[in-house]
Structure formats: C-alpha cells, structure tokens
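If you read the sequence from its start, that first residue is 1, and numbering goes on from there.
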Amino acid sequence: MAGSDAPAGPVGRRIGFWDRPGTRLAAGAVLPLLILVAWQVSTASGLVPAYRLPGPLAVVRAGAQLIEQGELGLHIAISVQRVLIGFAAGAVAGLAVAAVVGLSRAGDALLNPTLSALRAVPSLAWVPLLILWLQIGEESKVTLIAIGAFFPVFTTVAAALRHIDPHLVEAGRCFGLRGWSLFRTIQLPAVLPSVVSGLRLALAQAWLFLVAAELIASSMGLGFLLNDSQTTGRVDRILLTIVLLAVLGSLSNALLGLAEKKLLKRWT
C-alpha cells in the first residue's frame, strides 16, 4: 500500500511496529530496568534495610565471591543437568502416554481418570515416597523433575489428539494411511503446535520442580544454594539464586522457541 513503510512478513502480512524483533527486545527490557532502578533507589536511600533487601551491587559481589570459590559454575551445571535429564524423560513419557490416551478410547477410559487425579498432587507430596523408593540421590531428584515435566505434555497433547478433525483422519485413511504413517503424515502435523506448547510448559514446570527436588538433602545445585543461603541468612545469595533461576529459565525457553520455529516451518 502506498505510503506504508512497514516491511512485509513471510506470508505477505506487514510487520507492525510492536512485532519487530528489535522493538520487542527493547520493550521487554523496560520492566526489568525499572525494577532494577527501583531496587537500587530503595536500598541506597535506606527505605528498605540492607539486611532485608541488599542492593544490586551486593548481589553481584555475592556472585563474584562464589565464582572465585569455584562454586557458582558447579551449582549451575548440576541444576541444568538435572533439569535437562528430568525434562527429557518426563516429556518422552508424556508424549507416549498422551498418544495412548488421545488416540484410543480404551486408553482414555483406563488411564485418564487416574492421571487427572495424580496431576493434582503437589510436588512436595512426592518427596517422602521418592526418598523411600530411590533413596537420597540423583535418581529421586531427576524423577521428581520428570514428574513435573510429564503432566503439561500429557495434558496438552492428549487433548489436542482427541480434537483432531475426523475428516482429516478419514481423508488419510482413504489414501491408504494406517498406524504410524497416518500418525506421522496427518495427526502429528495437526497437533504439533500443541506439542510445542506442552513442551514449553513442561520446561517451565521442570525448573519449578528443580527447587523442590534440590531441597531433598542436596549438597549442590541452585536449590541447595537457596536453602543454604536461607539457613545462613545470606539474603544476597538468595536474591542471586532467584535471578539465576529466572535467567536460566528464560534462556532455556528461548532455545525451545527457536526449535519451535524450525519444527513448525518443517511440519506445517
């Protein structure tokens, strides 16, 4: 259209000002910067006592101290490893069970009521049972994270599979598609956006369950650092851990977002 300088998108739709990557990146940084400024002002002015809310520089110094001691990188690496393993195990199990429940009436009738009830169980309620079964070790922590990742994938994908347009399935069968061929060609592309949404929710849930998992008699990890800092009254380290969890969660979600774009481009 004449007089419009907005660039066109990949399907001909013009990209608005708020859809531009640079604009979104700058807009997303506004609120964190305002929070940082308010944080610094409230602590520097004495409005909030330092023993309750240390300033940003105190948090940075706490991080630098842990880096010098060689501890911070190890805490982060162990937590990331636990999240990745638990997320992968929970997501794979969630996809498999969702396929059974979403594609089979018998599977839906047999499994869905029990799984719906288990989904309502709080994360910390699993802790005593996991300790009794798996002892205090990596297995119990990773299993708890996997439980957290399982339900978002299962719930989202199973619901999407149950609501696939039956005309699409019937059209595939008319072309001789059955079983895996039908699933790969018709059903999977139809539910792929839901699969990706479930994976993103599962990844966020995995980070939430990580803290609960690392409170189980752990000696390393960000959850342990959070609990240990609370015990020793190190509010600066508590804030540092919270910031690190937020940053790591955002980075992992961004990486999954890049994978989402490639998958949707390939399958849709």
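With a 4.5 Å cut-off on side-chain heavy atoms, Arg61 and Asp236 do not count as touching. Taking the side chain as every heavy atom from C-beta outward, Leu203 and Val83 approach each other to under 4.5 Å. No side-chain heavy atom of Ile145 sits less than 4.5 Å from a side-chain heavy atom of Phe150. Side-chain atoms of Val121 and Phe151, non-hydrogen and from C-beta on, never get closer than 4.5 Å to each other. Two residues are said to be in side-chain contact when any heavy atoms from C-beta on lie closer than 4.5 Å; Leu239 and Pro54 meet this criterion.
At a threshold of 4.5 Å between side-chain heavy atoms, the hydrophobic network of Ile, Leu, Val, Met, Phe, Trp and Tyr places Leu129 and Leu115 in one connected group. One hydrophobic cluster, built from ILVMFWY side chains closer than 4.5 Å, holds both Leu124 and Trp133. By the rule that hydrophobic residues join a cluster once side-chain heavy atoms approach within less than 4.5 Å of another member, Val142 and Leu144 end up as members of separate clusters. A continuous path of hydrophobic side-chain contacts links Leu36 to Ile242 [ILVMFWY only; heavy atoms under 4.5 Å]. Following chains of ILVMFWY side-chain contacts shorter than 4.5 Å, one cannot reach Leu201 starting from Leu255, and the two form parts of different hydrophobic clusters.
If you take CG on Leu103 and CD1 on Ile164, they are separated by 6.5 Å, rounding to the nearest 0.5 Å. For the atom pair Ser123 OG and Leu210 CG, the distance stands at 11.0 Å (nearest 0.5 Å). A distance of 8.5 Å separates OG1 of Thr231 from CZ of Phe224, quoted to the nearest 0.5 Å. For the atom pair Glu138 CD and Ile78 CD1, the distance stands at 7.0 Å (nearest 0.5 Å). From Lys141, atom NZ reaches atom CG of Leu134 across 10.5 Å, with rounding to the nearest 0.5 Å.
Pairing each heavy atom of Leu161 with each of Ala98, the nearest pair is CD1-O, 3.5 Å. Closest heavy-atom contact between Arg234 and Gln65: NH2-OE1, 3.6 Å. Of all heavy-atom pairs spanning Val153 and Ala202, the tightest one is CG2-CB, 3.5 Å. Nearest approach of Gly148 to Gln205, heavy atoms of both residues: O-CG, 2.9 Å. What you find for Val211 and Leu245 is that their closest heavy atoms are CG2-CD1, 3.8 Å. Residue Gly107 comes nearest to Ser104 through the heavy atom pair N-OG, 3.1 Å, listed as atom of the first residue, atom of the second, then distance.
For the side-chain contact (heavy atoms from CB on, under 4.5 Å) with Phe154, the lone residue among Leu95, Asn112, Val100 that qualifies is Asn112. A side-chain contact (heavy atoms from CB on, under 4.5 Å) with Gln230 is found for one member of Leu225, Ile238, Val235, Thr241 and no other, namely Ile238.
No donor-acceptor pair closer than 3.5 Å links the side chain of Ser140 to the backbone N or O of Ile136. Using modelled atom types, one side-chain atom of Thr43 and one backbone atom of Gln40 make a donor-acceptor pair closer than 3.5 Å. Panel note: side chain Thr114, backbone Leu111; no donor-acceptor pair is recorded below 3.5 Å. The backbone N or O of Trp39 sits less than 3.5 Å from a side-chain atom of Ser42, completing a donor-acceptor pair. Put simply, the side chain of Glu214 gets close to the backbone of Leu222: a donor and an acceptor are under 3.5 Å apart. In this structure, Ser79 contributes its side chain and Ile76 its backbone to no donor-acceptor pair below 3.5 Å.
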The test is side chain to side chain contact (heavy atoms under 4.5 Å, CB included); show your working for Leu244 and His75 and say whether it passes. CA-CA 11 Å; Leu244 287 174; His75 286 305; over 6 Å; no
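Judged as a salt bridge (charged side-chain N to carboxylate O under 4.0 Å, His left out), the pairs with a partner in residues 100-123 (not counting sequence neighbours) are, in order, Asp108-Arg162.
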